[in-house]
Undergrad: 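Questions regarding the structure given below will be posed in turn.
Sequence lines set the chain letters: A, B, ... in the order given, protein chains first and strands last, and positions in each chain run from 1. Just so you know, these numbers use all the heavy atoms, side chains as well, and skip hydrogens, waters and symmetry mates.
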Protein chains: 2
Amino acid sequence: MSAAGAKRRGPRRDGVQAKEAILAAAREQFAEQGFEGATMRAIAAAAGVDVALVSYYFGSKSGLFVESLRLPVNPAVAIDTLLAEGTEDLGRRLLTRILQVWDEPATGAPLVSMLRSVSSQPDLMRGFLETELISRLERAIGGPDAELRAAAVVTQALGLIFARYVLRVEPVASAAPEELVALIGPTLQRYLDGV
Amino acid sequence: MSAAGAKRRGPRRDGVQAKEAILAAAREQFAEQGFEGATMRAIAAAAGVDVALVSYYFGSKSGLFVESLRLPVNPAVAIDTLLAEGTEDLGRRLLTRILQVWDEPATGAPLVSMLRSVSSQPDLMRGFLETELISRLERAIGGPDAELRAAAVVTQALGLIFARYVLRVEPVASAAPEELVALIGPTLQRYLDGV
DNA sequence: GTCTATATATGGATAGAC
DNA sequence: GTCTATCCATATATAGAC
């Protein structure tokens, strides 16, 4: 039926849904290559679809990543939302939001299981942190050493999350969110401000 | 107790070295029960030796832990050494020491591989962090919320270590130690001081 | 009810006998 | 090198005071 040369258009007839095929290919590519190493073109090719379809279904590479891991929230989008509300008091607001998402079982549980498996897939998280979180924060805060300061924010948040939700170290694990915000929020703010 | 009443003394005659037997038992117990859950009495019993021998060979539970994981340094001892030099500028000194140990391949490599496997053994690290690091820092700094502030120090250090040595996130992974000390040292100091 | 005191158990560390 | 005995710190339980 399909003409030789040009790709055919219209719905696939092999019974495989394109969206599912892309997700399957993405999981494989992300696992093998890490977030940065995997390319949308390679994923599309492996799924047997056109690259444009990936953007059509998932909006962005980070959106595809989030859905491929079945994560409940997209950290990149969450950061953009916070930044859109201005940079004032960003440290506390950022931390408050982080604790909200991770404390809520419905959203936190998948994140914890994702983080648990990170040690075996360091490339995956490194790429995501670098290109989706650190560079986003860097652009927003500016100033000298913006990249290093943005990365410092990530180290503090990562360490808190790891201690509270994965290791469950006391008294961090059962501290009230407000206590943690009061103690650690200013740290994030200091990194953001560049003191 | 042995059936005859008193335990026998003198060297073992079963050819198994007591030290090795203790190490083997310790690895098993630590893995199953975590650091806090494992008891020196249980380890000694499993090894078929008296409890006192464990202290004799390894000095302390944390010493046994360190040797059972073949770690190059004992963090608890390292902290005590730093504290013995006073609490002045402790944040920077602590961070400087951490970076020295982890940056040096001979000492850092075993630590990294240990940290990689932590996700599958959260009890192990939780117990060690709580009873060997956080409580030590807590006693040294005192003041209100000393325990939470000590724990905050651990979250920042842990996040930095995880980002720099396990995930190798840039620009944290290739930043100069002095840069990191200048940026993050004050954070540790703030937690220690209680602001 | 909450708070304090004392009892009891557990577990780590040390000194000294053998 | 190995074991006995003991000490000390911590955690849990119970009883009585207020």
Undergrad: Quick one: salt bridge (Lys or Arg N to Asp or Glu O under 4.0 Å) partners of B:Asp89, sequence neighbours excluded?
TA: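 Testing B:Asp89 for salt bridge (Lys or Arg N to Asp or Glu O under 4.0 Å), a comparison that skips the adjacent residues, returns none.
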Undergrad: Just the rounded figure in Å: distance from C1' of D:dT10 to CD of A:Glu170.
TA: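 A:Glu170 atom CD is separated from D:dT10 atom C1' by 17 Å.
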Undergrad: In whole angstrom, what separates B:Glu130's CD from D:dA11's C1'?
TA: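 My rounded result for the distance is 15 Å.
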Undergrad: Relative to the 5' end of DNA chain D, which residue comes earlier, B:Tyr56 or B:Ala52, by the nucleotide with the nearest heavy atom?
TA: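 Counting from the 5' end, the first nearest nucleotide belongs to B:Tyr56.
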Undergrad: In whole angstrom, give the distance that lies between atom NZ of B:Lys19 and atom P of D:dG1.
TA: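 To the nearest whole Å, that distance equals 9 Å.
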Undergrad: Apply salt bridge (Lys or Arg N to Asp or Glu O under 4.0 Å) to B:Arg126 and list each qualifying residue two or more places apart in sequence or on a separate chain.
TA: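 Listed in chain order: B:Asp123.
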Undergrad: Going by atom types only, do B:Thr155 and A:Gln156 share a side-chain donor-acceptor pair under 3.5 Å?
TA: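 Yes, because at least one side-chain N or O of B:Thr155 sits under 3.5 Å from a partner of the opposite role on A:Gln156.
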Undergrad: By a strict heavy-atom criterion of less than 4.0 Å, which residues belonging to residues 59-67 of chain B are in contact with DNA chain C?
TA: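 Of all residues in residues 59-67 of chain B, the ones placing a heavy atom under 4.0 Å from DNA chain C are B:Gly59, B:Ser60, B:Lys61.
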Undergrad: Which nucleotide in the list D:dC3, C:dG11, D:dT2 gets nearest to the side chain of B:Tyr57?
TA: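 Looking only at heavy atoms from C-beta outward on B:Tyr57, the closest nucleotide is D:dT2.
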Undergrad: Go through the structure and list residues passing salt bridge (Lys or Arg N to Asp or Glu O under 4.0 Å) with B:Asp103, not counting sequence neighbours.
TA: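 Result, salt bridge (Lys or Arg N to Asp or Glu O under 4.0 Å) vs B:Asp103: B:Arg164.
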Undergrad: Sequence neighbours left out, what passes salt bridge (Lys or Arg N to Asp or Glu O under 4.0 Å) with B:Arg149? Give chain and number order.
TA: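 By the salt bridge (Lys or Arg N to Asp or Glu O under 4.0 Å) rule, B:Arg149 matches no residue at all.
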Undergrad: Under the side chain to side chain donor-acceptor pair (under 3.5 Å) definition, can you give me all pairs with a residue in residues 172-182 of chain B, not counting sequence neighbours?
TA: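 Sorted result for residues 172-182 of chain B: B:Glu170-B:Ser174.
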Undergrad: Side chains of A:Glu130 and A:Ser135: is there a donor and an acceptor less than 3.5 Å apart?
TA: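 There is no such pair between these side chains.
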Undergrad: Check side chain to side chain contact (heavy atoms under 4.5 Å, CB included) between B:Glu132 and all other residues, then give those that pass, not counting sequence neighbours.
TA: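 Scan of B:Glu132 (side chain to side chain contact (heavy atoms under 4.5 Å, CB included), adjacent residues dropped) gives B:Phe35, B:Ser62, B:Ala76, B:Phe128, B:Arg136.
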Undergrad: Would you please name every residue forming a side chain to side chain contact (heavy atoms under 4.5 Å, CB included) with A:Val77, sequence neighbours left out?
TA: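 Checked A:Val77 against side chain to side chain contact (heavy atoms under 4.5 Å, CB included); matches are A:Asn74, A:Thr81.
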Undergrad: How many whole angstroms separate atom CE of B:Met40 from atom C1' of C:dA13?
TA: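 These atoms are roughly 7 Å apart.
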Undergrad: Between C1' on C:dG11 and CD on B:Gln29, what's the gap in Å once rounded to a whole number?
TA: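 After rounding, the reported distance stands at 14 Å.
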Undergrad: Name all residues meeting the side chain to side chain contact (heavy atoms under 4.5 Å, CB included) criterion together with B:Gln33; count only those two or more places apart in sequence or in a different chain, and write none if there are none.
TA: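 Residues passing side chain to side chain contact (heavy atoms under 4.5 Å, CB included) with B:Gln33: B:Gln29, B:Ala38.
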Undergrad: Whole-Å distance between D:dG1 P and B:Leu53 CG?
TA: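 After rounding, the reported distance stands at 10 Å.
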Undergrad: Could you list the residues that satisfy side chain to side chain contact (heavy atoms under 4.5 Å, CB included) with A:Glu88, not counting sequence neighbours?
TA: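 Result, side chain to side chain contact (heavy atoms under 4.5 Å, CB included) vs A:Glu88: none returned.
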Undergrad: For DNA chain C, determine which residues of residues 138-150 of chain B have any heavy atom closer than 4.0 angstrom to one of its atoms, and list them numerically.
TA: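 By residue number: none to list.
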Undergrad: Considering only heavy atoms from C-beta outward, does the side chain of A:Ile141 approach that of A:Asp193 to under 4.5 Å?
TA: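 No, too far: nothing below the 4.5 Å cut-off.
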Undergrad: Provide, to the nearest angstrom, the distance between the CZ atom belonging to B:Phe30 and the P atom belonging to C:dG12.
TA: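 These atoms are roughly 9 Å apart.
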Undergrad: Reckon B:Ser55 touches a base, only the sugar-phosphate, or nothing at all at heavy-atom distances under 4.0 Å?
TA: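 Base, at least one base heavy atom under 4.0 Å.
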Undergrad: Out of D:dT2, C:dG11, D:dT4, which nucleotide sits closest to the side chain of B:Asp50?
TA: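 Out of D:dT2, C:dG11, D:dT4, the nucleotide with an atom closest to B:Asp50's side chain is D:dT4.
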Undergrad: Using a heavy-atom cut-off of 4.0 Å across all strands, would you classify B:Ala38 as base, sugar-phosphate, or nothing?
TA: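 Sugar-phosphate only.
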Undergrad: Round to the nearest Å and state the distance from B:Glu132 atom CD to C:dG11 atom C1'.
TA: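 The distance from CD of B:Glu132 to C1' of C:dG11 comes to 13 Å, rounded to the nearest Å.
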Undergrad: With the threshold set at under 4.0 Å for non-hydrogen atoms, list the residues of residues 73-84 of chain B touching DNA chain D in residue-number order.
TA: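 Per residue number, the list is empty: none.
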